[in-house]
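Down below is the structure, laid out as structure tokens.
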Number of protein chains: 2
Amino acid sequence: MIKIGQTFKEFRTSKNITLQEASQGIVSVPFLSRFERGLTDISFTHLLELLNRINVQLSELEFLYQTRNTAGNDLLPNFQRAYQSGDSAQLREYLHAWQSRSGRFAKLQIIQIKMMLTTLGAASITDNELLVLEDYFKNISNWTFFELYLFGHSIPFLDKAFMFTLFEELQKKEIIYENFRHDNFSLLFYIYNNIILFLLDSSDSLEIAESLVTKLETYFKNQDKDYYHRTRIFNLKGLTLYLRGKKKEGLILLKKANLIAHLTEHEPQFLLNEKNYLAKYLTAKEIDYIFDFSDIHI
Amino acid sequence: MIKIGQTFKEFRTSKNITLQEASQGIVSVPFLSRFERGLTDISFTHLLELLNRINVQLSELEFLYQTRNTAGNDLLPNFQRAYQSGDSAQLREYLHAWQSRSGRFAKLQIIQIKMMLTTLGAASITDNELLVLEDYFKNISNWTFFELYLFGHSIPFLDKAFMFTLFEELQKKEIIYENFRHDNFSLLFYIYNNIILFLLDSSDSLEIAESLVTKLETYFKNQDKDYYHRTRIFNLKGLTLYLRGKKKEGLILLKKANLIAHLTEHEPQFLLNEKNYLAKYLTAKEIDYIFDFSDIHI
DNA sequence: ATTTATTTTAACCTATATGCAATTTTTTAT
DNA sequence: ATAAAAAATTGCATATAGGTTAAAATAAAT
């Protein structure tokens, strides 16, 4: 089992930060060294300060740490994967693992897996288990990911009236995660986007731009639900094709991107900005064409 | 300043877990009590174990903790907000705050804010600062959020050739965050979705269903970039309207949702599933209509 | 090859995280 | 309202996180 200190060290060294620089004013150099070698534990506040010093987010450290220890305790993501791919054999294994544990939460996990299996037509739930579930929901006042997830799978099994009481409770809660959604993935897209637009500005770089668009396409090939980024890729690809001489093909893609933005009711300012930007490259007539949706009867 | 232990306590008590149950086999009851009251620090491993016990993610604890302490050190999100809203006065304040700090990273933060200000036309960058920036990028081998973010803002300022060398480096890295994207927000949507579909099944619940759809709409009103969920809402709203008797209106929305899925090239199986599901409610002719895109010339 | 900076290791010391037993507070039951 | 039970807190003891100093081992620089 890899220790968290080792993961910390990976980050530190990859950024060429010395023990001295990282520890300065937080902990001593020898101590940090011991921590990184897994010889000692560390207090949470010190860890936070150290991470802040080397500009790594706690979530990043945690993620890499979890990845390094595939057999971690946090089985939730694994459930999800097995369930979504309909792998009931795998789910049964998880079930077995949890059945060997004791306590209130193990029981809940077991019920959750059973519900998944039931949905897949490979198990069934007892009335007593449903009572345990109801009882649990009755007594919590603050929903975290765990309860959301559990509730999501419980809906078909719970008593209708009870479910709605619960759901009303849930609705009263704030959604605190709004700012949480700017993940590294969209940051990466942002960078690609800027670079590609930058390249398109000088006519000798069009080929590189095109290869980057292709790269982006492969990144998002399997991200079926990421409509937004997929649409932005149409836009980039369209402009690239246009500038490379394939005007008609390019315009169609540009229009497609605009149409999707229009249909999803993206704020009007967004399309206006697009229009202004593209005026640099396209003729007025072409602009009119790709921003005209009057032939779409929706 | 609120301590992390207090935030932990919020989670524990809201789930009706006693100190006894939470600490069992990890730390002693009195110690956990002291930690929650901010009287002592805690080791990182113990904190992880405790969180796992009460089914709270580290990121959830961190988020609530940050929210409670608005004046936290992690200024990154604040930058972003000020920059995106074009608030250069606010940015200048952050600049001032960082200028009073010393060290390599403070310097980088200063440069980053200056670049933002420059982009907004409210400052300029010196050659020396650009050298510092290049130098920093030259020496890191592992990119985290911090570097991605910094790089994103540096693109217009860096030497073209250098920028591409860097970018090529970046491309070689894996993108490790793919699984990271299932945030609580989409989980919440999933729950709403299931409940609404469930309600639509019994004709006496249509009104509640409609009110939930409205609620969903307001949630996502400002999420302009979340094309996927916005599209799913069209679908839910369409079906609801249809079942409430406003057939034509409903069909148009359903068709709109399908069209967007079609345009964004969502995997074909998705639309097939949709088709099968909707067959429960619509006539064959109506199905044909909402899945026919031959009149859209894109 | 020699110097210099950085990291690792060691020994001993101090501060504090954590445990244990007893006490107080809060909740539950009658 | 009172007793009983459960949960949370306090005081003191101890284990361990973390500091200091110095020396050995590596790595980088000249």
Exercise for the section: May I ask you to verify if any side-chain N or O of A/K9 is less than 4.0 angstrom from the OP1 or OP2 atom of C/dT8? Expected result: yes

Exercise for the section: Verify the contact: side-chain N or O of B/R37 to OP1 or OP2 of D/dT9, cut-off strictly under 4.0 Å; return yes or no. Expected result: yes

Fill in the blank from the handout: Ordered by number, residues from residues 17-29 of chain B within less than 4.0 Å of DNA chain C (heavy atoms) are B/I26, B/V27, B/S28

Problem - Distance below 4.0 Å between A/S33 side-chain N/O and C/dT8 OP1 or OP2 - result: yes

Practice task
Kindly say if B/R12 contacts the phosphate of D/dA8, meaning a side-chain N or O under 4.0 Å from OP1 or OP2.
Solution key: yes

Fill in the blank from the handout: note: B/E36, atom CD; D/dA8, atom P; distance rounded to Å ~ 8 Å

Handout entry: More than 12 heavy atoms from other groups under 6.0 Å of CD on A/E207
Key = no

Problem - B/Q109 side chain to B/Y94 side chain, donor-acceptor N/O pair below 3.5 angstrom - result: no

Fill in the blank from the handout: From NE2 of A/H46 across to C1' of D/dG18 the rounded distance in Å is 8 Å

Exercise for the section: For residues A/Y136 and B/K15, determine if any side-chain heavy atom of one lies less than 4.5 Å from a side-chain heavy atom of the other. Expected result: yes

Exercise for the section: Kindly say if B/S43 contacts the phosphate of D/dA17, meaning a side-chain N or O under 4.0 Å from OP1 or OP2. Expected result: no

Handout entry: Side chains of A/L50 and A/I42 in contact at under 4.5 Å (non-hydrogen atoms)
Key = yes

Exercise for the section: Write down the distance between CG (A/L32) and C1' (C/dT7), rounded to a whole number of angstrom. Expected result: 11 Å

Problem - Length of the CZ-P vector between A/F31 and C/dT14, whole Å - result: 18 Å

Problem - Side chain to side chain, A/L216 and A/I196, heavy atoms closer than 4.5 Å - result: yes

